[in-house]
Amino acid sequence: MLELPPVDPATDLAYVMEAVRAAVQALPAHVPLIGFAGAPFTLASYAIEGAATRTFALTKRFMYTEPRAWHELMQRFAELVGGYLAAQAAPAPGPAAVRQLGGLPVAGGLCDLRVSAQPARPRARGASACR
């Protein structure tokens, strides 16, 4: 359905992984680096809206009018986020921790959260559980 190219964070984003290693080495030993990535809903929202939003109007319209495409997009972003966090944590030395940021459709309420973000969260978390 979606024709998005596959992304291998370890190779396609190698420059980010090199920056993570350089930052860890440059910091004093007692200062931890925390790696991060946007949550699948956050990434999808920026891709659909084109900018930050308080209402998520375009995102919610896509979510409810194209549910199959929405869930496929969320799964793709979840796999990407999990792989990206795992790639950040994998190189030695890597960050002390990795974290997924954002992801809650705050303007939508609990129903929108269940439809939009919940199904993809375990996949993004599971793939990044390496540290």
For the atom pair [atom1] ([X]) and [atom2] ([Y]), what is the distance rounded to the nearest 0.5 Å?
X: Leu85; Y: Gln100; atom1: CG; atom2: CD; answer: 6.5 Å
X: Thr55; Y: Lys60; atom1: OG1; atom2: NZ; answer: 7.0 Å
X: Glu72; Y: Arg68; atom1: CD; atom2: CZ; answer: 8.5 Å
X: Arg76; Y: Leu43; atom1: CZ; atom2: CG; answer: 13.0 Å
X: Thr53; Y: Glu49; atom1: OG1; atom2: CD; answer: 4.5 Å
X: Glu66; Y: His71; atom1: CD; atom2: NE2; answer: 11.5 Å

Original post:
Taking it one step at a time, do Phe56 and Ile48 satisfy side-chain contact (heavy atoms from CB on, under 4.5 Å)?
Top reply: CA-CA 9 Å; Phe56 302 96; Ile48 293 165; over 6 Å; no

Original post:
Mind checking whether Leu58 and Tyr64 sit in one hydrophobic cluster, side chains of I, L, V, M, F, W, Y counted as touching below 4.5 Å?
Top reply: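 Yes, because Leu58 and Tyr64 connect within a single hydrophobic cluster, where side-chain heavy atoms sit under 4.5 Å apart.
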
Original post:
With the 4.5 Å side-chain cut-off for hydrophobic clustering, are Val24 and Val31 part of the same group?
Top reply: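 Yes, because Val24 and Val31 connect within a single hydrophobic cluster, where side-chain heavy atoms sit under 4.5 Å apart.
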
So, for [X] and [Y], which heavy atoms are closest and what is the spacing to 0.1 Å?
X: Phe77; Y: Ala47; value: CZ-CB, 4.5 Å
X: Met74; Y: Phe41; value: CE-N, 3.5 Å
X: Ala78; Y: Pro40; value: CA-CG, 3.6 Å
X: Leu73; Y: Phe62; value: CD2-CE2, 4.2 Å
X: Pro6; Y: Asp12; value: O-OD2, 4.0 Å
X: Met17; Y: Pro9; value: CE-O, 3.8 Å

Original post:
Quick one: does Thr59's side chain get under 4.5 Å of Ser45's, heavy atoms only?
Top reply: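 A side-chain contact under 4.5 Å exists here.
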
**OP:** Applying side-chain contact (heavy atoms from CB on, under 4.5 Å), run through Leu13 and Tyr84 and close with a yes or a no.
**Re:** CA-CA 8 Å; Leu13 300 171; Tyr84 179 69; 3.7 Å; yes

Subject >> Pair Leu33-Val20, side-chain contact (heavy atoms from CB on, under 4.5 Å): steps then yes or no >> reply: CA-CA 8 Å; Leu33 179 72; Val20 167; 4.0 Å; yes

